Undergrad: 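Sharing a structure here in structure tokens format.
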Amino acid sequence: MGDPFIPSTYTVGSRELEKEVIAFFSRLFRADEDNWWGYVTNGGSEGNLYGLYLARELYPKAIVYYSEATHYSVQKNLHLLNMPNIAIRAQATGEIDYEDLEKTISINRQMPVIILANIGTTMTEARDDVGKMKRIFKNLAIQHHYIHVDGALSGSYAAFIEPRPSFDFADGADSIAISGHKFFGSPIPCGMVIAKKSHRDRIASSIDYIGSLDTTISGSRNGHTPLFLWYTITKLGIEGLKLRAQRCLDLAAYAEAVLKQIEPGVWRNPSTITVNIPKPAAAVVKKWQLASGKGWAHIICMPGMQKEQIDAFVDDLEQSKSQLPAMAG
Ligand SMILES: *Cc1c(COP(=O)(O)O)cnc(C)c1O
């Protein structure tokens with residue numbers, strides 16, 4: 001229950017391990033040694049809600065900017081929090097259009113700026129560049145700004161790839177949310193949010209006044225999910241997690257190469273595990289339960305996926321394509 005870093009009279013729980021999980025990610029995401037805080041959430045969406053909530057409490061008059069490729073939960077969260085917001089164009093890859101971002105911020109430059117950056121969009125796994133966002137603040141002399149990073153899937157392994165994407169606290173993030181049931185494979189939905197402790201302290205004291213340090217969004221929380229995260233990071237360690245990421249990346253490179261042979265439009269953002277394919281025939285989409293939209297579908301080469309599954313998919317896709325002329329006739 002409640003803030004894992006505040007001792008509670010109720011001592012049956014997993015908060016000691018939860019703190020170790022948060023400490024692990026504070027190092028992985030290069031937070032300042034004494035300036036981090038976080039907790040294990042019910043999922044990536046709650047982490048995004050928390051980051052935006054912190055940002056709003058710090059800058060109540062701010063406008064929120066995010067690319068049009070942002071996960072649907074963010075719109076809902078902004079609605080819940082009643083925060084003014086502006087969608088920014090995305091490039092064809094799914095990465096935010098920095099020119100449109102700079103131009104739009106400059107029109108409203110008297111207002112504080114909150115950006116929701118995607119470290120891996122849902123459809124194409126495009127990564128926005130936090131360093132480029134910081135440069136825009138500098139160019140426009142924006143004094144009050146906050147960057148929340150939605151790293152649900154891709155943020156979970158971004159620290160293991162070279163060159164390292166610009167996404168973490170050292171790059172300029174103020175808070176980061178990830179999912180625990182994606183890359184880390186928790187069998188129960190969960191996630192993690194981590195923020196600068198100095199930000200969290202500002203809202204903690206404002207809640208203090210109602211007599212509690214109730215800093216988490218939900219009161220009672222799942223005590224098992226921190227154990228799953230703790231087990232995975234302890235068992236695998238940095239090296240094991242790196243290897244897990246590399247296997248996924250290798251499989252994605254393989255999938256991209258074999259799929260391209262039958263579908264030349266197939267593509268992938270650099271160092272990602274998401275392979276984008278022109279939307280296949282309905283039967284293939286249904287059988288493989290592909291997420292699709294705007295004429296595209298994708299395969300995400302998650303940990304545990306095998307080459308054989310890619311090959312079976314390629315067979316189905318090939319077959320559906322050779323059947324097309326017959327069906328049209
Ligand atoms: C999955 C995902 C979310 C939502 O995460 P949940 O853990 O399902 O709440 C948010 N943003 C992105 C980019 C995602 O991929």
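Atoms within a ligand are numbered from 1 in the order they appear, just like the ligands themselves. Values in this document were obtained by computation on a predicted structure and should not be read as measured data.
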Undergrad: Return the closest protein heavy atom for atom 11 (N) of ligand 1 as residue, atom name and distance.
TA: D150 OD2, 2.7 Å
Undergrad: Which is it for H181 and ligand 1 at heavy atoms under 4.0 Å: side chain, backbone, both or neither?
TA: side chain
Undergrad: Under the criterion side chain to side chain donor-acceptor pair (under 3.5 Å), which of R15, E46, R200, K19 is the partner of Y39?
TA: E46
Undergrad: If you look only at distance, which donor and acceptor atoms sit under 3.5 Å apart when one is on a side chain in residues 177-195 and the other is two or more places apart or in another chain?
TA:
from : atom 1 : to   : atom 2 : distance (Å)
H181 : ND1    : C190 : N      : 3.2
H181 : ND1    : C190 : O      : 3.1
S186 : OG     : I188 : N      : 3.2
S186 : OG     : I188 : O      : 2.5

Undergrad: Just so I know, are the side chains of D168 and D171 near enough to count as touching, which here means a heavy-atom distance under 4.5 Å?
TA: yes
Undergrad: Side chains of S175 and Y146 only: does a donor on one sit below 3.5 Å from an acceptor on the other?
TA: yes
Undergrad: Identify all side-chain donor-acceptor contacts of residues 281-303 below 3.5 Å with residues at least two apart in sequence or on another chain.
TA:
from : atom 1 : to   : atom 2 : distance (Å)
K287 : NZ     : D316 : OD2    : 2.8
W288 : NE1    : D316 : OD2    : 2.8
H298 : ND1    : M123 : O      : 2.6

Undergrad: May I ask you to check whether N118 has an N/O atom sitting below 3.5 Å from an N/O atom of ligand 1?
TA: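 In this structure, N118 places no N or O atom under 3.5 Å from an N or O of ligand 1.
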Undergrad: Which one of N85, N118, I114, I115 satisfies the side chain to side chain contact (heavy atoms under 4.5 Å, CB included) criterion with Y66?
TA: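 For Y66, the side chain to side chain contact (heavy atoms under 4.5 Å, CB included) check succeeds only for N85.
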Undergrad: Please state which protein non-hydrogen atom is closest to atom 13 (C) of ligand 1 and give its distance, to 0.1 Å?
TA: G120 O, 3.3 Å
Undergrad: Report yes or no: do D311 and Y254 form a side-chain donor-acceptor pair below 3.5 Å?
TA: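 Short answer, yes.
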Undergrad: Taking only heavy atoms of S179 into account, list the atoms of ligand 1 that are under 4.0 Å away from them.
TA: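 Heavy-atom distances to S179 below 4.0 Å select 5 (O), 6 (P), 7 (O).
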Undergrad: Please list the nearest protein heavy atom to atom 14 (C) of ligand 1 with its residue and the distance rounded to 0.1 Å.
TA: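 The closest one turns out to be K182 NZ, 3.0 Å.
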Undergrad: Where on A152 is there a heavy atom closer than 4.0 Å to ligand 1, on the side chain, on the backbone, on both, or on neither?
TA: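 Side chain only.
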Undergrad: Nearest to atom 6 (P) of ligand 1, what protein heavy atom do you find, and at what distance?
TA: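 Minimum-distance protein heavy atom for atom 6 (P) of ligand 1 reads G44 N, 3.4 Å.
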Undergrad: Enumerate the atoms of ligand 1 whose separation from the nearest heavy atom of G43 is less than 4.0 angstrom.
TA: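 Those of ligand 1 that fall under 4.0 Å from G43 are 7 (O), 9 (O).
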